[in-house]
Amino acid sequence: MPELPEVETVVRTLENKINQRTIKKVRVLWPNLIENVTVQEFEKRLVGQRFNSFERCGKFLIFKLDTETLIVHLRMEGKFFVYPDNPKAIKHSHVVFELDKGQLQYNDVRKFGRFYLYKKDEEYSVLNKLGLEPWDKKLTSEYLKQYCRKIS
């Protein structure tokens, strides 16, 4: 399972490779990966969207687009591949994004990853139960002490 540093590396690598790329077409080849919207809505809403910024929250990748926010959890072994052209989907690629230049494929042998699509101004409910980031100034010994009291 990718840990937080690996997820951060994935986010920064994708930022370097697909920043400002526009999605021309989306093909979902394994529908169970899409969580909070229908596959048809997922594919339709992403067409014409441009990747504008890249973030990470916990182990979730957050892609801010023009009017949408795409959130992805890689789970056990999900990964993204970026291609300069538009090859056919490789084995175990389950979501294919055809871009204005090249292609982005989500590959996951075990099919555990998850995709969430939110309107830009919508609350990202999938992130509601996450704890603090490791470098958050609120993450103090007192915070941890209080938190541990709540769960015990």
Side-chain angles (χ1 to χ4, degrees), residues 1-136 138-139 147 151:
M1 171 184 299
E3 296 302 334
L4 192 136
E6 288 84 10
V7 175
E8 183 69 27
T9 299
V10 170
V11 169
R12 294 303 141 225
T13 301
L14 289 173
E15 181 177 35
N16 183 274
K17 298 207 175 262
I18 64 169
N19 192 26
Q20 298 304 306
R21 295 279 192 259
T22 300
I23 300 169
K24 295 296 185 187
K25 184 177 180 182
V26 178
R27 289 180 289 137
V28 176
L29 306 173
W30 185 257
N32 293 350
L33 297 176
I34 311 304
E35 278 295 317
N36 65 327
V37 295
T38 66
V39 170
Q40 294 78 16
E41 188 177 352
F42 183 85
E43 292 174 337
K44 182 179 178 185
R45 283 173 50 186
L46 287 172
V47 171
Q49 296 290 312
R50 185 180 57 237
F51 288 96
N52 294 313
S53 69
F54 301 75
E55 300 173 14
R56 180 203 48 75
C57 185
K59 292 186 184 181
F60 287 88
L61 292 82
I62 303 170
F63 304 102
K64 301 268 179 111
L65 309 168
D66 294 330
T67 62
E68 306 286 341
T69 300
L70 176 63
I71 299 178
V72 179
H73 197 295
L74 302 173
R75 299 274 175 104
M76 294 293 286
E77 57 186 48
K79 55 188 81 64
F80 282 100
F81 293 105
V82 179
Y83 297 99
D85 53 5
N86 288 327
K88 291 183 181 177
I90 59 172
K91 187 175 183 178
H92 304 298
S93 282
H94 304 301
V95 182
V96 177
F97 300 87
E98 293 181 20
L99 307 175
D100 55 347
K101 283 186 176 179
Q103 192 178 86
L104 175 67
Q105 292 187 19
Y106 174 75
N107 187 281
D108 189 346
V109 174
R110 298 176 76 182
K111 302 175 184 171
F112 288 160
R114 292 294 177 261
F115 285 70
Y116 304 84
L117 186 62
Y118 295 95
K119 291 287 184 190
K120 195 173 191 176
D121 57 353
E122 191 176 352
E123 179 186 354
Y124 311 143
S125 58
V126 69
L127 305 178
N128 283 348
K129 294 184 180 179
L130 294 181
L132 299 175
E133 290 289 319
W135 46 83
D136 192 315
K138 294 183 225 165
L139 185 58
Y147 180 80
I151 63 170

Report yes if the distance between the aromatic ring centroids of Tyr106 and Phe81 is under 6.0 Å, otherwise no. no
Correct closest heavy-atom pair for Arg56 and Gly58 would be NH1-O, 2.8 Å
Assess whether ring-ring contact (aromatic ring centres under 6.0 Å, His included) is satisfied between Tyr116 and Tyr124, documenting all intermediate values. CA-CA 9 Å; Tyr116 304 84; Tyr124 311 143; over 10 Å; no
Answer yes or no: is there an ion pair linking [X] with [Y], defined by an N-O contact shorter than 4.0 Å?
X      : Y     : result
Glu15  : Arg12 : yes
Asp100 : Lys24 : no
Glu3   : Lys59 : yes

Over 60° means perpendicular and under 30° means parallel, so tell me whether His94 and His92 are parallel, tilted or perpendicular. perpendicular
Hey, what's the ring geometry for Phe51 with Phe97, parallel, tilted or perpendicular (30° and 60° as the breaks)? perpendicular
Looking only at atom types and distance, does a side-chain atom of [X] sit under 3.5 Å from a main-chain N or O of [Y], one as donor and one as acceptor?
X      : Y     : value
Asn107 : Lys91 : yes
Asp66  : Gln49 : no
Glu43  : Val28 : yes

Got [X] and [Y] here, is their nearest side-chain heavy-atom distance under 4.5 Å?
X      : Y     : result
Phe115 : Leu70 : yes
Ile90  : Tyr83 : yes
Leu14  : Leu61 : yes
Glu133 : Cys57 : yes

Say you draw a straight line from [atom1] of [X] to [atom2] of [Y]; how long is it, rounded to the nearest 0.5 Å?
X     : Y      : atom1 : atom2 : value
Ile23 : Leu104 : CD1   : CG    : 8.0 Å
Ile62 : Tyr118 : CD1   : OH    : 10.0 Å
Arg50 : Ile18  : CZ    : CD1   : 13.0 Å
Lys17 : Leu99  : NZ    : CG    : 12.5 Å

Qualifying residues under salt bridge (Lys or Arg N to Asp or Glu O under 4.0 Å), relative to Glu68, sequence neighbours excluded: Arg45, Lys119
Is it true that the side chains of Asn128 and Glu123 contain a donor and an acceptor less than 3.5 Å apart? yes
Check residues 29-36 and write down every donor-acceptor pair under 3.5 Å in which the side-chain atom is one partner and the other belongs to a residue at least two apart or another chain.
{"from": "Glu35", "atom 1": "OE2", "to": "Arg114", "atom 2": "NE", "distance (Å)": "2.9"}
{"from": "Asn36", "atom 1": "OD1", "to": "Leu117", "atom 2": "N", "distance (Å)": "3.0"}
{"from": "Asn36", "atom 1": "ND2", "to": "Leu117", "atom 2": "O", "distance (Å)": "2.9"}

Should the heavy atoms of other residues, nucleotides or ligands under 6.0 Å from NZ of Lys79 be counted, would the total exceed 12? yes
